[in-house]
Amino acid sequence: MSSNSSDTIYALSSGGLPSGVAVVRVSGPAAGDILSDLCGGSLTPRRAALRWIRDRNNQKIDQALAIWFPRPNSFSGEDCVEFQLHGGRAVVAAVLGLIGNFAGVRHAEAGEFTRRAFENGKLDLVEIEGLSDLIRAETEMQRRLASQQADGGLSQLYAGWAAAITRCRALIEAELDFADEGDVPESAASLIWREVSGVSAAIRRHLAGSKATEIVRDGYNVVIAGPPNCGKSSLLNYLAKRDVAIVTDIAGTTRDLLVVELDLDGFFVRLTDTAGLRETEDQIEREGIKRSLHSIERADLTLALGDSGESRIGIEDNGTGKIVKVRSKIDLSPGLSIPADEIGISTKTGTGIDSLLKRILSCLAESADFNAAAFPVRARHVGLLESCISELDLALASVDSGLEIRAENLRRAGHFLGKITGVVDVEDLLGVIFSEFCIGK
């Protein structure tokens, strides 16, 4: 299949069939001709019109809404048309077949409409990643995070830092090349490094919140741990509202990790049931316990269970605040006194479950500040921002190095920022110099 960007591309852009409505999108130079041939005329831009779609024998295929988006005012930045059809398989297949018969037209590759939007300057990489996350969002907090990213908030933040670095480079270039012109401020050096230091500090504060967005986007990992038969699997089933784990009186029933994904007050929570922690000679059970201990180490939060018949809960908080002690099966001991640092629950009666969920949400909120628009979203962003800081710090620390070397550090820092959004401008320094310092007047 050709990937020529001059081709006109088309695809079904809505969900699986059959459906009430199906959206077929066409983008490229032949989009206007396709619209005219299928619908018998032109349309007012960006205004939906009810039209019959007909084949070349003038046979009616379907009555649909058609919308014409002339370039550059379309999602892809190209001429674009969308057909909103009835979502029957035969209807959609017939319309796709008609479109595919036009010369220079081919079926779109995965993500190709969005790629053309990037190539035509309609979206940058951060906005595209946000759009992808928005489509995949399953919880309210994931939707908010993705929406803020797709709206360009992060891109504007990164563009602001990149512009500040470019100004500093421009000052250095002016000091190196135009020192005799008289238009370069005497205090340029102090301005440069004060601004570089400010950008470095701002990026560090930004990176400090990456854990928050990681939790929103990838989930908050909660592990249920404790000895055999303390109610771990019963708690998992209760919170999942279905029988995920086998519950018996036989110790060692759970030998592998069982994971349930929950939407907890808009947050994505990944709940893991583990093998009971005990000494055993059973090789399979020992492997399960080994995996349990590994899960506890990696967990954002561990629910350490012990039933009402135990004097103490075996898993102790090591000072990280990642342990919540839970006393299970309290319905079996009506007069039991629950210590202040524990939460008593019963999956049989539902007692204490609301308190446990509130504690989980409280721990989740304490993990980070969820002002999601201000924080990096993906590991790619974090890595490039760390590289940017490294170059800025080198420039700040290399006091005895020449300005050329320190300017190169700033160039590399700006390059790393530009790679986040996909916009890397390395030849715009002269424009900044001329506009700010009137060089070459």
Side-chain angles (χ1 to χ4, degrees), residues 126 128-150 153-154 206-226 232-245 254 256-275 288 291-305 315 317 320-324 326 343 345 353-383 385:
V126 174
I128 287 170
E129 289 168 331
L131 181 61
S132 175
D133 289 344
L134 186 62
I135 293 171
R136 291 174 172 80
E138 296 183 355
T139 70
E140 174 61 15
M141 291 304 295
Q142 287 177 330
R143 183 199 64 76
R144 291 184 189 179
L145 176 64
S147 180
Q148 290 166 344
Q149 184 183 357
L154 276 178
H206 180 68
L207 280 172
S210 61
K211 180 61 178 177
T213 52
E214 179 185 334
I215 288 173
V216 173
R217 187 174 183 272
D218 300 327
Y220 188 63
N221 293 311
V222 178
V223 170
I224 306 173
K232 300 186 299 299
S233 297
S234 296
L235 178 58
L236 181 80
N237 290 344
Y238 189 96
L239 295 177
K241 296 181 172 61
R242 57 191 175 92
D243 290 335
V244 179
T254 301
D256 204 350
L257 305 179
L258 297 176
V259 181
V260 170
E261 296 176 350
L262 305 176
D263 182 340
L264 190 58
D265 201 26
F267 289 97
F268 175 36
V269 174
R270 187 178 289 105
L271 191 64
T272 302
D273 183 20
T274 60
R291 295 184 182 186
S292 298
L293 294 173
H294 184 57
S295 294
I296 293 171
E297 291 176 359
R298 294 185 294 116
D300 295 313
L301 182 69
T302 297
L303 305 182
L305 262 66
I315 302 176
D317 190 349
T320 63
K322 294 171 58 177
I323 301 290
V324 172
V326 182
I343 297 176
I345 67 166
I353 298 296
D354 286 345
S355 296
L356 177 60
L357 293 176
K358 288 178 182 178
R359 178 68 67 85
I360 294 173
L361 282 171
S362 175
C363 292
L364 193 160
E366 290 173 1
S367 297
D369 176 6
F370 288 102
N371 180 17
F375 298 146
V377 176
R378 293 177 177 239
R380 183 181 76 87
H381 305 167
V382 172
L385 288 167

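- Once rounded to the nearest 0.5 Å, the distance linking CZ of Arg380 with CD of Glu129 reads 4.0 Å.
- Put simply, CG on Asp354 and CD1 on Ile345 are 11.5 Å apart, with the number rounded to the nearest 0.5 Å.
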What verdict does the side-chain contact (heavy atoms from CB on, under 4.5 Å) test give for Val222 and Leu262, after you've listed the backbone C-alpha separation in whole Å, the side-chain angles of each residue and the deciding distance to 0.1 Å?
CA-CA 10 Å; Val222 178; Leu262 305 176; over 6 Å; no
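- Atom CD of Glu138 sits in a sparse spot, with 12 or fewer heavy atoms from other residues, nucleotides or ligands closer than 6.0 Å.
- Checked by atom type and distance alone, the side chain of Thr213 pairs as donor or acceptor with a backbone atom of Pro376 at under 3.5 Å.
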Can Asp133 and Arg378 be said to form a side-chain contact (heavy atoms from CB on, under 4.5 Å), step by step?
CA-CA 10 Å; Asp133 289 344; Arg378 293 177 177 239; 2.9 Å; yes
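- Ile323 and Ala304 make their closest contact through CG2-CB, 4.0 Å (heavy atoms, listed as atom of the first residue, atom of the second, distance).
- Side-chain contact check for Asp263 and Thr139: no donor-acceptor pair (N or O, by modelled atom type) lies under 3.5 Å.
- Side-chain contact check for Cys363 versus Arg359: some heavy-atom pair is nearer than 4.5 Å.
- Note that the OH atom of Tyr220 and the CG atom of Leu301 stand 4.0 Å from one another [nearest 0.5 Å].
- Judged by distance alone, with hydrogens and angles left aside, the side-chain atoms of Ser295 form a donor-acceptor pair with the main-chain N or O of Arg291 at under 3.5 Å.
- No donor-acceptor pair closer than 3.5 Å links the side chain of Lys232 to the backbone N or O of Leu305.
- Counting heavy atoms from C-beta outward, Ile353 and Leu239 have side chains that approach closer than 4.5 Å.
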Apply side-chain contact (heavy atoms from CB on, under 4.5 Å) to the pair His206 and Leu154, showing each step before the final yes or no.
CA-CA 10 Å; His206 180 68; Leu154 276 178; 3.7 Å; yes
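- Rounded to the nearest 0.5 angstrom, Phe268 CZ and Met141 CE are separated by 14.0 Å.
- Rounding to the nearest 0.5 Å gives a distance of 4.0 Å between CD of Glu140 and CZ of Arg143.
- Looking at Gln142, its side chain does come within 3.5 Å of a backbone N or O of Arg217 through a donor-acceptor pair.
- Here the side chain of Asn221 pairs no donor or acceptor atom with the backbone of Asp300 at under 3.5 angstrom.
- Side-chain contact between Thr274 and Ile296 is absent, with no heavy-atom pair separated by less than 4.5 Å.
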Starting from the C-alpha separation in whole Å, work towards a yes-or-no answer on side-chain contact (heavy atoms from CB on, under 4.5 Å) for Leu364 and Asp265.
CA-CA 11 Å; Leu364 193 160; Asp265 201 26; over 6 Å; no
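- With rounding to the nearest 0.5 Å, the separation of CG in Leu264 from CG in Leu271 is 9.5 Å.
- At a threshold of 4.5 Å between non-hydrogen side-chain atoms, the residues Leu303 and Ile360 count as touching.
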